[in-house]
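As structure tokens, the structure follows; a few thoughts come after it.
Treat the numbers as computed from the prediction; the structure is a model and nothing was measured.
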Amino acid sequence: MGLFLVAVGLLAAILSPASRAADHAEPPPVAVVQPGDTLWSVVARHRPSNAPFKVIDEIRRLNDMDDFTIHAGQKLVLPPD
């Protein structure tokens, strides 16, 4: 019985750091809108290999945007690459 408890304790110690590491997810990527930018130009600069219309829709959803208006200096949360 004692050997079983030691084995369970070792297993918990080994798995515990991995589960804590998962709790520290990286913050989502953010783009700062430059003067003259549009959502299309932000997507072209930050996600050039992705389908632009899909990424624009995702940016609007992530940032709670009702329209397509953006302003210089605005920070936009981007979808994962």
Can you find a heavy atom in the side chain of Val55 that is under 4.5 Å from one in the side chain of Pro52? no
Taking C-beta and beyond as the side chain, do Val42 and Ile56 meet within less than 4.5 Å on heavy atoms? no
Can you list, pair by pair, the side-chain donor-acceptor contacts under 3.5 Å of residues 43-50, counting residues two or more places apart and other chains?
residue: Arg45; atom: NH1; partner: Asp37; partner atom: OD1; Å: 3.2
residue: Arg45; atom: NH2; partner: Asp37; partner atom: OD2; Å: 2.6
residue: Arg47; atom: NE; partner: Pro79; partner atom: O; Å: 3.2
residue: Arg47; atom: NH2; partner: Pro79; partner atom: O; Å: 2.7

If hydrophobic clusters are built from ILVMFWY residues whose side chains come within less than 4.5 Å, do Phe53 and Ile70 share one? yes
Are the side chains of Ile59 and Leu39 in touch, meaning some heavy atoms are under 4.5 Å apart? yes
Shared hydrophobic cluster, Met65 / Trp40 (ILVMFWY, side-chain heavy atoms < 4.5 Å): yes
If we check side-chain contact (heavy atoms from CB on, under 4.5 Å) with Gln74, which of these qualifies: Val32, Thr69, Val33? Val33
